[in-house]
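Just below is one structure, and these are the notes that go with it.
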2 protein chains.
Amino acid sequence: MNIPKLYIYGVSPIIPHLPMPRIKSFDETETLEKAMELFWKKGYHSTSVQDLVDHLGINRASLYDTYKGKKDLFMRAFENYKDSTKNAYFELLYAQPNVMEGFRKLFEHVVRENTDRRGCFLVNITTELVPEDSEMKAMLRENQIQFEKLFFDYLKSGEVMGEIARGKDLKAFANLLFTLYNGVQVISKIESAPSRQLAAVEVVLQHLED
Amino acid sequence: MNIPKLYIYGVSPIIPHLPMPRIKSFDETETLEKAMELFWKKGYHSTSVQDLVDHLGINRASLYDTYKGKKDLFMRAFENYKDSTKNAYFELLYAQPNVMEGFRKLFEHVVRENTDRRGCFLVNITTELVPEDSEMKAMLRENQIQFEKLFFDYLKSGEVMGEIARGKDLKAFANLLFTLYNGVQVISKIESAPSRQLAAVEVVLQHLED
DNA sequence: ATAGTTTTGGAATATTCATTCCAAAACTTA
DNA sequence: TAAGTTTTGGAATGAATATTCCAAAACTAT
């Protein structure tokens with residue numbers, strides 16, 4: 001049973017002169033990022049709670065108290081990653097002079113960033129947990145829609161600016177770019193030459209201009 | 001220690017009048033396929049030996065006696081899948097009237113076959129086990145090279161036949177198609193509309209003709 | 001039927017897993 | 001300093017894990 005708190009840290013409006021409890025000694029979001037790091041590197045099933053306790057530097061009891069359990073901790077870490085990634089790509093794209101350069105930079109970032117073959121957290125989790133975990137699947141489906149919308153809007157802006165030849169099926173193209181993104185993230189786990197991957201991407205990007 | 005067998009089932013050339021042992025009551029390759037089925041559906045870590053015993057219909061002791069252990073059984077099942085898939089795609093491609101139709105049929109097969117969201121065994125295993133398992137990584141790298149060679153040779157045959165515009169970087173294109181293949185296999189775990197996926201693939205295929 | 005060998009069923013083992021629990025330490029406000 | 005509450009360390013729990021083991025059943029050739 002959950003007993004509602006009668007006061008907030010440092011403020012005691014209802015009952016005056018009430019002793020304040022000890023506050024958490026770790027930063028929740030910082031710990032969440034460390035957890036994400038581990039889940040990303042090892043996957044969900046291969047990461048044990050012991051691994052988390054060791055890597056996060058917090059106590060087992062604190063972990064269960066703060067994040068209910070392994071699955072919930074994972075979900076929060078995952079959501080954290082999802083949101084920050086989308087924002088990062090949004091900013092990366094719109095910081096470029098044109099659409100082709102935008103996507104080129106995006107894929108360059110993916111390929112070059114992937115030094116330790118971790119791939120993409122989202123892609124790894126998709127193949128590991130779908131279809132078994134339907135809650136996860138719904139989350140990933142939502143993410144796909146958001147990513148394709150981001151790509152589509154960006155392509156559309158390029159069409160308006162005259163950077164892209166008219167009459168192209170931009171929905172299909174956005175879909176293609178997202179599919180390609182997923183493929184590159186898988187390949188980067190086994191392919192060692194970034195230049196070969198970028199050459200493949202370039203074939204698609206060139207198609208935007210014709 | 002391994003004591004070498006002095007005779008083969010049914011034949012006793014060295015010591016005559018020797019009683020023959022009981023023979024295995026299950027088909028090894030058939031069991032291997034059942035194991036593959038399970039590893040494909042659930043992934044490596046989520047499949048327990050108990051699951052295998054239940055699903056394969058053989059005894060735990062037989063499993064360990066025949067296939068040494070979980071990891072070795074997995075490796076053999078994996079190799080089985082890898083080889084048969086490559087052969088199947090080879091035949092599918094060369095049974096088509098031209099290169100564009102060949103790749104179109106290949107991707108159609110991938111998308112339509114994927115009814116239960118299992119994705120591709122190879123792709124799933126790549127993201128689950130690389131980089132942790134370096135033996136697996138080497139195997140997958142080998143597979144990539146073979147697939148890209150298959151695609152390249154096929155593209156080359158199309159170029160010779162005049163189906164593909166000259167001057168294209170066919171190595172990069174083969175690479176792109178393999179990357180796209182991986183991407184489609186990931187997406188098919190969360191995307192429900194085959195037509196949308198095929199529309200994306202079509203964008204790339206059209207590029208072959210221009 | 002019998003001997004010799006292998007397979008088989010199922011118990012046994014030892015490790016690892018996620019989770020719970022509790023007493024002791026820590027912290028905040030007064 | 002003291003009261004009240006939370007965090008913390010680490011032991012305890014119980015389920016699941018991969019693997020080993022052994023006696024009994026099964027099979028083949030004679």
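Chain A is the first sequence line, chain B the second, and so forth, proteins listed ahead of strands; every chain is numbered from 1.
For B/Y81, the ring-ring contact (aromatic ring centres under 6.0 Å, His included) test picks out B/W40, B/F121, with sequence neighbours left out. A search for salt bridge (Lys or Arg N to Asp or Glu O under 4.0 Å) contacts involving B/E33 returns nothing, not counting sequence neighbours. Listed by chain and residue number, nothing satisfies the salt bridge (Lys or Arg N to Asp or Glu O under 4.0 Å) test with A/D169 (two or more places apart in sequence, or in another chain). Here A/S48 pairs with A/D51 under the side-chain hydrogen bond (donor to acceptor under 3.5 Å, both in side chains) rule; sequence neighbours left out. Residues forming a salt bridge (Lys or Arg N to Asp or Glu O under 4.0 Å) with A/R104 (at least two apart in sequence, or on another chain): A/E101, A/E202. Looking at residues two or more places apart in sequence or on another chain, you find a side-chain hydrogen bond (donor to acceptor under 3.5 Å, both in side chains) between A/S46 and B/H45. B/K82 is linked by a salt bridge (Lys or Arg N to Asp or Glu O under 4.0 Å) to nothing, counting only residues two or more places apart in sequence or in another chain.
The nearest whole Å value for the distance from the CG atom in A/D65 to the C1' atom in D/dT5 is 12 Å. Rounded to whole angstrom, the span from the NZ atom of B/K42 across to the C1' atom of D/dA16 amounts to 13 Å. Whole-Å rounding puts the A/D54 CG to C/dT16 P distance at 13 Å. Between the C1' atom of C/dG9 and the CD1 atom of B/I58 lies a distance of 13 Å, rounded to the nearest Å. Computed from coordinates, the B/L56 CG to C/dT8 C1' distance equals 15 Å when rounded to whole Å.
End-to-end axis angle for the helix from C/dA1-D/dT30 to C/dA30-D/dT1, using five pairs per end and rounding to 10°, comes out at 20°.
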Where do N or O atoms of nucleotides 18-21 of chain D meet protein N or O atoms at under 3.5 Å, pair by pair?
residue, atom, partner, partner atom, Å
D/dA18, OP1, B/V49, N, 3.3
D/dA18, OP1, B/K70, NZ, 3.2
D/dA18, OP2, B/V49, N, 2.8
D/dT19, OP2, B/Y64, OH, 2.9
D/dT19, OP2, B/K70, N, 3.2
D/dT19, O5', B/Y64, OH, 3.3

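By the 6.0 Å and 45° rule, A/K171 stacks over the aromatic ring of A/F152.
Listed pair A/S62 / D/dT7 fails the phosphate criterion, with no side-chain N or O lying under 4.0 Å from OP1 or OP2.
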